[in-house]
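Here the structure comes first, spelled out in structure tokens, and everything after it is commentary.
Here the structure is a predicted model, which is why all the values come from computation and not from measurement.
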Amino acid sequence: MFSQTDFVHMERALALAKRGMYTTDPNPRVGCVLVRNGEVIGEGFTQPAGQDHAEIRALKDARSRGHDLRGATAYVTLEPCSHFGRTPPCANALIDAQIGRVIAAMEDPNPQVSGRGLAMLRDAGIEVRCGLLAHEAQELNIGFVSRMTRGRPWVRMKVAASLDGRTGLPSGQSQWITSAAARADGHAWRARASAILTGIGTVREDNPRMTVRAVDTPRQPQRVLIDSQLEVPPDAQILAGAPTLIFCGVLDHRLAERASALRDRGAEIVPLPNEAGKVDLPQLLNVLGERSVNELHVEAGYKLNGSLLREGCVDELLVYLAPSLLGMDSMSMFNLAAPDMLEDRLKLNFHTIERIGDDLRILARFAPHTVPGADHAAPSVSK
Ligand SMILES: NC(=O)c1ccc[n+]([C@@H]2O[C@H](COP(=O)([O-])OP(=O)(O)OC[C@H]3O[C@@H](n4cnc5c(N)ncnc54)[C@H](OP(=O)(O)O)[C@@H]3O)[C@@H](O)[C@H]2O)c1
């Protein structure tokens with residue numbers, strides 16, 4: 001159905017899309033390549049929200065170089081948009097430019113708009129095909145797909161552990177178990193996320209900043225703290241800089257003074273109690289979805305990790321394993337109870353395993369994710 005040349009151009013469009021890995025949020029990362037008579041005449045990728053989408057950049061690129069766009073083929077990694085958002089519809093721009101053929105990697109995952117951009121193009125007489133390298137395109141925007149189809153972010157839980165699965169000594173000392181290379185790699189995963197989530201135990205123990213530092217990025221993810229009783233000290237590093245979002249339990253008069261001190265530090269406090277008076281974690285994901293969080297990066301201790309896992313709030317584990325042993329009294333990754341029967345164990349699939357410096361990086365997933373409008377098996381990872 002697709003030629004070798006089509007694959008080459010779509011691979012290039014995907015490579016362009018990856019250049020927006022840290023910047024397009026909350027919009028998807030999209031790339032576009034324009035080809036006419038076998039020659040690449042324009043390229044582009046999505047700019048930060050409110051600025052040009054990939055197709056517009058590619059059209060401008062081609063025009064700036066004096067190319068005739070009529071009859072050209074546009075390779076786009078996501079269906080061109082059909083609605084007026086912060087920018088006009090890209091489908092219209094392609095029609096106005098008299099593009100002859102559009103090849104898209106995948107449909108827009110939003111069920112409300114999915115297929116409309118492609119239909120607009122077809123109605124204008126443009127030849128349209130969809131599904132080329134769909135797995136790769138969906139991997140690139142796994143969080144956007146999750147938010148559009150489930151209303152909640154893709155949740156990636158990062159853990160750094162010894163080979164015997166321990167994350168810190170009984171004393172609480174945990175810095176550092178993995179190598180500098182693994183920690184820098186961890187920052188790249190932070191950088192692509194819309195938000196970084198941690199728990200009050202980690203803040204108490206480590207006083208982390210939860211910012212991206214080892215990677216050059218113009219955008220810092222939203223920091224999110226789960227703190228039922230608003231115990232975070234107002235001088236905690238996680239509160240420095242841009243406002244941190246704090247989810248707590250019941251926000252009554254007992255917490256009023258603490259809440260006020262934290263608001264003075266710029267924090268936004270959202271009470272979201274569950275029946276136990278802690279934070280309702282599934283509901284928290286819905287709230288973050290409403291706030292346009294695509295990928296949620298979790299870096300918490302074993303207690304919050306365990307709660308998130310028990311409540312079905314995790315899509316994949318990003319585990320760095322160091323070649324060392326800390327012993328059975330040291331902290332585990334998750335405070336999960338053992339199942340009664342082996343068949344009830346939590347099962348995952350290894351998605352990728354790579355060596356990073358002296359350590360191993362394992363990406364493991366709970367459930368397959370599907371691409372709207374494309375026929376595929378398990379997607380492959382890209383980063
Ligand atoms: N190696 C790594 O990758 C890594 C990453 C981060 C942190 N750490 C280490 O983890 C240690 C801290 O562990 P930790 O387990 O105390 O920290 P944590 O998981 O970050 O935070 C624990 C807190 O989360 C609360 N929590 C759990 N579920 C909740 C829910 N549904 N709603 C509200 N609160 C909830 C717990 O309350 P309850 O006790 O009431 O359940 C507890 O107070 C530190 O030593 C840190 O260095 C390691």
Side-chain angles (χ1 to χ4, degrees), residues 14-15 17-25 29 45 48 139-143 153-169 172-199 202-203 205-225 236-238 240-242 244 293-302 305 314-326 331 333 350-365 380-383:
L14 285 163
K18 282 183 192 166
R19 292 203 199 159
M21 187 66 86
Y22 304 149
T23 51
T24 66
D25 199 78
R29 300 131 184 163
F45 62 95
E139 277 296 316
L140 202 52
N141 288 308
I142 199 159
W154 178 262
V155 182
R156 180 178 295 126
M157 178 177 280
K158 180 240 165 183
V159 187
S162 58
L163 200 52
D164 53 349
R166 302 290 152 169
T167 59
L169 294 176
Q173 190 189 356
S174 63
Q175 292 174 338
W176 302 107
I177 294 171
T178 48
S179 62
R183 297 201 300 278
D185 189 75
H187 274 236
W189 290 91
R190 278 187 186 182
R192 61 176 282 169
S194 312
I196 300 174
L197 175 91
T198 193
T202 298
V203 169
E205 208 58 57
D206 300 344
N207 193 16
R209 281 173 276 181
M210 288 297 171
T211 52
V212 181
R213 297 181 300 280
V215 170
D216 189 20
T217 174
R219 182 189 65 86
Q220 285 291 337
Q222 166 74 57
R223 290 168 302 171
V224 182
L225 172 63
Q237 294 203 88
I238 196 167
T244 294
V293 172
N294 292 335
E295 293 180 22
L296 177 65
H297 178 100
V298 177
E299 267 190 58
Y302 67 105
N305 282 351
V314 182
D315 295 303
E316 75 183 0
L317 299 180
L318 171 65
V319 179
Y320 295 89
L321 282 183
S324 60
L325 302 172
L326 290 183
M331 267 186 275
M333 299 189 200
F350 285 135
H351 194 67
T352 57
I353 303 176
E354 278 187 47
R355 192 172 173 145
I356 308 285
D358 293 335
D359 306 314
L360 287 184
R361 184 187 70 198
I362 298 171
L363 204 56
R365 290 189 174 167
S380 60
V381 78
S382 60
K383 198 191 139 209

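A donor-acceptor contact shorter than 3.5 Å links the side chain of Asn305 to the backbone of Ala300. Checked by atom type and distance alone, the side chain of Thr202 pairs as donor or acceptor with a backbone atom of Gly301 at under 3.5 Å. Of the possible polar contacts, none joining the Thr178 side chain to the Ala182 backbone as a donor-acceptor pair under 3.5 Å is found.
For the pair Arg223 and Leu197, the minimum side-chain heavy-atom distance is 4.5 Å or more. The shortest distance between side-chain heavy atoms of Asp185 and Tyr320 falls below 4.5 Å. Between Ile196 and Gln222 there is no side-chain heavy-atom pair separated by less than 4.5 Å. The closest side-chain heavy-atom distance from Val203 to Leu225 is below 4.5 Å. Taking the side chain as every heavy atom from C-beta outward, Leu14 and Leu140 approach each other to under 4.5 Å. Two residues are said to be in side-chain contact when any heavy atoms from C-beta on lie closer than 4.5 Å; Lys158 and Trp189 fail this criterion. Contact of the Asp206 side chain with the Gln175 side chain is registered, since non-hydrogen atoms from C-beta on lie closer than 4.5 Å. Using a 4.5 Å cut-off on side-chain heavy atoms (C-beta onward), Arg192 and Arg156 make contact.
Taking Thr198 as the reference, nothing meets the side-chain hydrogen bond (donor to acceptor under 3.5 Å, both in side chains) condition, with sequence neighbours excluded. With sequence neighbours left out, the side-chain contact (heavy atoms from CB on, under 4.5 Å) criterion links Asn207 to Ala236, Gln237. Take Ser174 and apply the side-chain hydrogen bond (donor to acceptor under 3.5 Å, both in side chains) test, not counting sequence neighbours, and it matches no residue.
Distance check: Glu354 CD to Asp359 CG gives 13.0 Å after rounding to the nearest 0.5 Å. Rounding to the nearest 0.5 angstrom, the gap separating the CG atom in Leu318 from the NE2 atom in His351 is 11.5 Å. One finds the CZ atom of Phe45 at 12.0 Å from the CE atom of Met21 (value rounded to the nearest 0.5 Å). Atoms CZ and CD1, from Arg29 and Ile142 in turn, are 10.5 Å apart once rounded to the nearest 0.5 Å. Between Thr352 atom OG1 and Arg361 atom CZ the span is 5.5 Å, to the nearest 0.5 Å. Interatomic distance, Met157 CE to Leu296 CG, rounded to the nearest 0.5 Å: 9.0 Å.
Closest of all the heavy-atom pairs between Arg219 and Tyr22 is NE-O, 2.8 Å. Between Met331 and Leu169, the shortest heavy-atom distance links the atoms CE-O, 3.7 Å. In this structure, Arg190 and Pro221 approach most closely via the heavy-atom pair O-CG, 3.3 Å. Ile177 approaches Ala161 most closely through the heavy-atom pair CG2-C, 3.7 Å. Closest approach of Ser162 and Ser324 over heavy atoms only: CB-O, 3.2 Å. Shortest non-hydrogen contact noted between Phe350 and Ala364 is CD2-CB, 4.2 Å.
With hydrogens and angles left out, the side-chain atoms of Asp358 and Ser179 include no donor and acceptor closer than 3.5 Å. For the residue pair His297/Glu299, the side-chain donor-acceptor check at 3.5 Å is satisfied. At a cut-off of 3.5 Å, with distance as the only test, a side-chain donor of Thr211 or Arg213 sits close to an acceptor on the other residue.
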Test side chain to side chain contact (heavy atoms under 4.5 Å, CB included) applied to Leu317 and Leu363, step by step:
CA-CA 6 Å; Leu317 299 180; Leu363 204 56; over 6 Å; no
List the steps, then state whether side chain to side chain contact (heavy atoms under 4.5 Å, CB included) holds for Val298 with Val314.
CA-CA 9 Å; Val298 177; Val314 182; over 6 Å; no
Are Asp25 and Ser194 close enough, and set up right, to give a side-chain hydrogen bond (donor to acceptor under 3.5 Å, both in side chains), and what steps lead you there?
CA-CA 7 Å; Asp25 199 78; Ser194 312; 2.7 Å; yes
Report the C-alpha distance between Val319 and Met333 in whole Å, list the side-chain angles of each, state the deciding distance to 0.1 Å, and finish with yes or no for side chain to side chain contact (heavy atoms under 4.5 Å, CB included).
CA-CA 10 Å; Val319 179; Met333 299 189 200; 4.1 Å; yes
